[in-house]
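The structure appears right after this line, and notes come after that.
Remember, it's 1-based here, ligands and their atoms both numbered in the order they're listed.
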Amino acid sequence: MNLLYEGKAKRVYATDNSDRVRVEFKDSATAFNGQKKAEITGKGVVNTAVTARLFGWLQEHGIPTHFIEQLDDRNLLVDRLSMVGLEVVVRNWVAGSLHTRTGLPEGTPMDDPVLEFYYKNDALGDPLLNEDHIRLLGLASPDLIARLRQEALRINQVLKPFFLQRGIVLVDFKLEFGRDAEGNLKLGDEISPDTCRLWDRESGERLDKDRFRRDLGGVEDAYQEILKRVVN
Ligand code: TMP
């Protein structure tokens with residue numbers, strides 16, 4: 001049915017409006033650039049509802065996103081965006097590749113968020129880019145880089161308290177941006193336990209895709225816990 005694109009965790013379909021697409025969230029999960037694969041039962045349903053809730057919340061706080069409406073338990077209707085070829089990562093606590101890169105212990109708090117850009121390029125394994133690399137590749141102008149940075153930090157300021165009120169520490173997360181048919185810059189893709197590190201405020205328990213990446217067990221339960229706290 002008018003499949004435009006199939007990714008590792010989502011399918012994108014055309015609709016009868018050429019400016020809008022339907023995004024379907026799958027249960028498939030991959031890690032380490034697709035080397036590790038599994039089905040996480042119910043993940044698609046969780047990520048659909050969590051993304052709808054968070055994007056709705058961001059829009060209520062003046063952040064433009066592609067989100068239009070949730071169609072059913074696995075499908076969102078969104079604006080069709082022409083994507084910027086970058087992943088924007090915001091970090092509040094040291095974890096994951098920042099720990100590997102710097103040697104700072106996981107769970108080290110940071111006074112100011114750390115922002116990183118990664119090249120969306122599976123063949124290269126999504127490498128970290130600095131701003132000169134982004135310019136060299138023609139992925140974004142200095143002005144667009146500045147806007148992405150400002151927008152990502154604004155999103156962090158809105159999401160951090162949202163999660164904290166629900167007993168969750170927003171450790172880090174990944175964003176993707178694009179332009180709609182009128183050229184407006186909007187947040188696209190998803191925000192879910194696949195694309196965030198979410199730690200229980202009291203116990204520090206990992207409630208995100210790291211349970212799958214690191215074989216911690218309890219993957220499905222962690223996704224359901226996030227659904228319960230964020231959506232219900
Ligand atoms: P990292 O520590 O592995 O660089 O991940 C930083 C954040 O980005 C973390 O919240 C998970 C998210 N992320 C994605 O959404 N997609 C990816 O492909 C990777 C590697 C990380």
Side-chain angles (χ1 to χ4, degrees), residues 5-10 23 25-38 40 43-44 46-48 50-51 54-55 58 65-66 83-110 113-130 133 139 148-149 151-153 155-156 158-160 162-164 168-178 187-201 204-216 219 222-223 225-226 230:
Y5 169 80
E6 177 154 10
K8 287 175 283 210
K10 299 188 287 295
V23 180
F25 289 73
K26 304 191 282 186
D27 285 351
S28 317
T30 65
F32 313 117
N33 201 19
Q35 291 175 62
K36 180 171 177 172
K37 292 191 183 126
I40 300 174
K43 176 172 84 77
V46 172
N47 288 359
T48 304
V50 169
T51 296
L54 295 175
F55 277 55
L58 289 170
T65 86
H66 70 163
M83 299 307 289
V84 177
L86 293 168
E87 298 189 348
V88 184
V89 169
V90 181
R91 302 177 182 272
N92 296 307
W93 298 70
V94 175
S97 68
L98 183 61
H99 158 68
T100 310
R101 182 167 291 111
T102 62
L104 293 168
E106 282 208 295
T108 306
M110 298 187 284
V114 163
L115 198 136
E116 299 169 340
F117 296 101
Y118 291 84
Y119 188 10
K120 270 187 76 65
N121 184 318
D122 283 340
L124 297 178
D126 295 348
L128 181 73
L129 297 181
N130 72 21
H133 299 148
L139 294 169
L148 294 171
R149 175 179 289 278
E151 210 59 5
L153 293 175
I155 291 165
N156 188 42
V158 174
L159 291 185
K160 260 195 315 184
F162 177 94
F163 279 111
L164 208 54
I168 299 162
V169 177
L170 179 58
V171 172
D172 57 33
F173 58 100
K174 184 266 297 175
L175 302 171
E176 298 186 26
F177 293 88
L187 179 66
D189 197 51
E190 66 179 290
I191 305 179
S192 73
D194 274 17
T195 65
C196 301
R197 285 198 176 88
L198 304 169
W199 294 358
D200 180 81
R201 187 185 187 172
E205 189 187 354
R206 269 72 169 159
L207 298 173
D208 57 58
K209 193 177 167 187
D210 270 351
R211 300 208 75 84
F212 163 67
R213 295 189 189 99
R214 302 180 184 187
D215 296 320
L216 300 176
V219 185
Y223 278 79
E225 182 63 23
I226 292 299
V230 167

- Is E116 in polar range of ligand 1, meaning some N or O pair under 3.5 Å apart? no
- Query: Which ligand 1 atoms does G96 reach within 4.0 Å, using its non-hydrogen atoms?
  - Reply: 2 (O)
- Message: Considering E190, E106, K209, R213 one by one, which has a heavy atom nearer to atom 21 (C) of ligand 1 than any of the others?
- Response: R213
- Task: Report, as yes or no, whether the 6.0 Å neighbourhood of atom CZ on R101 holds more than 12 heavy atoms from other residues, nucleotides or ligands.
- Result: yes
- Which pairs count as salt bridge (Lys or Arg N to Asp or Glu O under 4.0 Å) when at least one residue sits in residues 29-38, sequence neighbours excluded? K36-D215
- Say whether R197, considering both its backbone and side-chain N or O atoms, lies within less than 3.5 Å of an N or O atom on ligand 1. yes
- Item | Single hit among K26, K43, K10, K8 for salt bridge (charged side-chain N to carboxylate O under 4.0 Å, His left out) with D194 | K43
- Task: Just jot down the ligand 1 atoms closer than 4.0 angstrom to any heavy atom of Y118, in number order.
- Result: 4 (O)
- To which of H99, K8, R91, K174 does the heavy atom nearest atom 14 (C) of ligand 1 belong? K174
- Item | Ligand-residue contact atoms, ligand 1 with C196, heavy atoms, under 4.0 Å | 10 (O)
- Query: Considering only heavy atoms of F173, which atoms of ligand 1 have at least one such atom less than 4.0 Å away?
  - Reply: 10 (O)
- May I ask which of A31, G34, G125, S97 has a heavy atom nearer to atom 4 (O) of ligand 1 than the others do? S97
